[in-house]
Colleague: 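Can you read through this structure? Questions will come right after.
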Amino acid sequence: MRCLKSCLFFIGLIFIITGTAQAQVVLKGVFTALESCEAYQSFRKGTNPGNIRLVQGASYELIAKNKEKATHYRIRIKDASPMERWVSASCGHILTPDAALSSGHDPSLPEYLLAVSWQPAFCQTHQSRSECKSQNKNRYDADHFTLHGLWPQPVSNVYCTADDRNKRLDEQKKYHQLPEPRISSATSEQLTRVMPGTMSFLHRHEWIKHGTCYSPSPEEYFGESIQLIKQLNDSAVREYFKDNIGETVSVSEIKARFDKAFGPGAGDKVNIKCHNGMITELRINLKGEITLQSELSALIHNAASAASGCRSGIIDAAGY
């Protein structure tokens with residue numbers, strides 16, 4: 001009888017350990033934080049040594065999920081002690097190699113190039129543009145990336161449904177004579193914010209040349225473009241640019257920030273453009289179907305690599 005209690009205790013302990021191990025589903029991949037959530041050592045007990053929180057937009061190594069239909073994911077945070085932590089599934093999104101591989105190697109998937117500008121640098125060499133004359137340090141584009149365009153690939157894929165008159169006007173850079181794209185007032189308001197070039201009718205040019213190869217609907221084209229650049233501006237990449245305004249930074253460091261924000265290898269999918277010693281534009285390769293719910297990290301992961309034209313450059317401040 002004396003052995004019975006101790007035996008039952010050890011059997012119960014083994015059951016608990018085994019049950020816990022079986023409850024976890026091992027995963028490999030990346031967890032990208034959409035919010036600054038708590039990272040728990042035990043989410044059931046609510047313990048969080050060091051009061052660790054995720055960095056919004058940052059990516060972390062994915063280790064496991066708590067069950068098949070996950071409520072929490074186990075990730076590795078290098079600066080935490082202990083490093084392995086649990087985070088709520090609602091705090092971010094995951095990208096596993098199998099999911100990326102199954103879509104990324106499909107030759108039928110469309111390819112795009114997302115071109116985003118660092119507006120202060122652009123305005124240094126385009127001071128006569130309306131959007132540059134009015135730029136100041138308090139405006140959105142002083143410390144956020146701005147939308148140049150979303151371009152279906154290959155580069156020859158242009159003017160798909162544009163008529164001859166509009167194509168001719170566009171090629172002559174008479175953007176002010178092009179028709180205004182039909183978009184909702186809400187989309188127009190957002191577009192004006194993320195694309196200051198609308199003051200110079202850039203959006204008309206982008207729709208006629210590139211948008212007509214993307215969708216029959218300007219609303220879809222611009223709405224989905226806005227969602228992609230919003231994810232970029234909510235990431236660690238934009239934070240890095242904001243924190244280093246006025247400094248010279250290396251292309252390798254920018255690529256490392258893309259890796260942190262959107263998963264390992266993401267930086268290799270970006271062509272960083274420089275002019276007069278300044279970083280002027282990021283051209284990000286994308287691959288996959290784009291919707292309003294698309295994750296930028298997955299689109300980048302599936303894309304082909306890109307080469308950059310410079311090694312370093314200044315992150316210019318607004319104003320001349």
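Since the structure is predicted, the reported quantities are computational estimates derived from the model, not experimental observations.
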Colleague: What do the steps show when you test Arg238 against Asp143 for salt bridge (charged side-chain N to carboxylate O under 4.0 Å, His left out), and what is the final call?
Modeller: CA-CA 8 Å; Arg238 181 256 167 176; Asp143 59 6; 3.5 Å; yes
Colleague: Is the distance between the ring centroids of Trp151 and His210 under 6.0 Å?
Modeller: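 For His210 and Trp151, the ring centres are under 6.0 Å apart.
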Colleague: Decide yes or no on side-chain contact (heavy atoms from CB on, under 4.5 Å) for Met199 and Lys133, but give the supporting numbers first.
Modeller: CA-CA 10 Å; Met199 298 183 203; Lys133 289 179 179 178; over 6 Å; no
Colleague: Do the side chain of Asn66 and the main chain of Thr71 share a donor and acceptor less than 3.5 angstrom apart?
Modeller: yes
Colleague: Let's go through Arg53 and Asn48 carefully: what are the C-alpha distance in whole Å and the side-chain angles of both, what is the deciding distance for side chain to side chain donor-acceptor pair (under 3.5 Å) to 0.1 Å, and is it a yes or a no?
Modeller: CA-CA 9 Å; Arg53 302 188 72 90; Asn48 180 6; over 6 Å; no
Colleague: Rounded to the nearest 0.5 Å, how far does CG of Leu228 lie from CG of Leu147?
Modeller: 9.0 Å
Colleague: Test of understanding: clusters of I, L, V, M, F, W, Y form through side-chain heavy atoms closer than 4.5 Å, transitively. Do Ile245 and Ile254 belong to the same one?
Modeller: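 Yes, one cluster joins them.
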Colleague: Does the gap between the ring centers of Tyr214 and Tyr221 come in under 6.0 Å?
Modeller: yes
Colleague: How are the rings of Phe43 and Trp86 set relative to one another: parallel (under 30°), tilted (30 to 60°) or perpendicular (over 60°)?
Modeller: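 Judged by the thresholds at 30° and 60°, the geometry between Phe43 and Trp86 is perpendicular.
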Colleague: Could you tell me whether the side chain of Asn285 and the main chain of Ala304 form a donor-acceptor pair under 3.5 Å?
Modeller: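 It does hold such a pair.
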Colleague: Take atom CG of Asp164 as the centre, draw a 6.0 Å sphere, and report whether it contains more than 12 heavy atoms from other residues, nucleotides or ligands.
Modeller: no
Colleague: Quick one: do Leu282 and Asn271 satisfy side-chain contact (heavy atoms from CB on, under 4.5 Å)? Show the steps, please.
Modeller: CA-CA 6 Å; Leu282 307 179; Asn271 175 6; over 6 Å; no
Colleague: Does a salt bridge link Glu68 with Lys65, judged by any charged N lying under 4.0 Å from a carboxylate O?
Modeller: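 Yes, charged N to carboxylate O under 4.0 Å.
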Colleague: Which value, rounded to the nearest 0.5 Å, describes the distance between Ser217 atom OG and Ile183 atom CD1?
Modeller: 9.5 Å
Colleague: Under 4.0 Å between a side-chain nitrogen and a carboxylate oxygen: does that hold for Asp141 and Arg139?
Modeller: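 Yes, this pair counts.
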Colleague: Given Ile314 and Asn276, is the side-chain contact (heavy atoms from CB on, under 4.5 Å) satisfied, shown in steps?
Modeller: CA-CA 9 Å; Ile314 297 171; Asn276 288 351; over 6 Å; no
Colleague: Between the side chains of Gln227 and Ser294, does any donor sit under 3.5 Å from an acceptor?
Modeller: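 Absent: no donor and acceptor within the cut-off.
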Colleague: May I ask you to check whether Ser185 and Ser188 show a side-chain donor-acceptor distance below 3.5 Å?
Modeller: no
Colleague: Show the nearest heavy-atom pair for residues Ile272 and Lys255, with the distance to one decimal.
Modeller: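 Result for this residue pair: CD1-CG, 4.2 Å.
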Colleague: Salt bridge or not between Arg257 and Glu253? Use side-chain N to carboxylate O under 4.0 Å.
Modeller: yes
Colleague: Looking at NE2 of His205 and CG of Leu169, how far apart are the two atoms once the value is rounded to the nearest 0.5 Å?
Modeller: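 Separation between the atoms: 13.0 Å.
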Colleague: Quick check: closest heavy atoms across Leu54 and Cys91, and the distance to 0.1 Å?
Modeller: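 Heavy atoms only, the tightest pair is CD1-SG, 3.9 Å.
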Colleague: Using the side chain to side chain contact (heavy atoms under 4.5 Å, CB included) criterion, which residues pair with Thr198? Sequence neighbours excluded.
Modeller: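 Partners of Thr198 under the side chain to side chain contact (heavy atoms under 4.5 Å, CB included) test: Leu191, Thr192, Met195, His203.
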Colleague: Among the clusters formed by ILVMFWY side chains lying less than 4.5 Å apart, do Ile63 and Tyr73 turn up in the same one?
Modeller: no
Colleague: Check the pair Ser250, Arg311 against side-chain contact (heavy atoms from CB on, under 4.5 Å), reporting the backbone distance first and the verdict last.
Modeller: CA-CA 6 Å; Ser250 67; Arg311 294 184 178 179; over 6 Å; no
Colleague: Going only through I, L, V, M, F, W and Y residues with side-chain contacts under 4.5 Å, is there a path from Ile226 to Leu296?
Modeller: yes
Colleague: Taking only Lys NZ, Arg NE, NH1 and NH2, and the carboxylate oxygens of Asp or Glu, determine whether Asp170 and Arg204 approach each other closer than 4.0 Å.
Modeller: no
Colleague: Show which side-chain atoms of residues 110-119 pair as donor or acceptor with protein atoms under 3.5 Å away, not counting sequence neighbours.
Modeller:
residue: Ser117; atom: OG; partner: Glu281; partner atom: OE1; Å: 3.3
residue: Trp118; atom: NE1; partner: Asp316; partner atom: O; Å: 2.9
residue: Gln119; atom: OE1; partner: Thr146; partner atom: OG1; Å: 3.0

Colleague: Does a side-chain N-to-carboxylate-O contact under 4.0 Å join Lys230 and Asp234?
Modeller: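 Result for this pair is yes, salt bridge flagged.
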Colleague: In this structure, would Phe122 and Tyr175 fall into the same cluster of hydrophobic residues linked by side-chain contacts under 4.5 Å?
Modeller: no
Colleague: Salt bridge check, Glu219 against Arg182: does any charged N sit closer than 4.0 Å to a carboxylate O?
Modeller: no
Colleague: Got more than 12 heavy atoms from elsewhere within 6.0 Å of CG, Asp243?
Modeller: yes
Colleague: If every non-hydrogen atom of Gly267 is compared with every non-hydrogen atom of Asp259, which pair is closest and at what distance?
Modeller: N-OD1, 2.8 Å
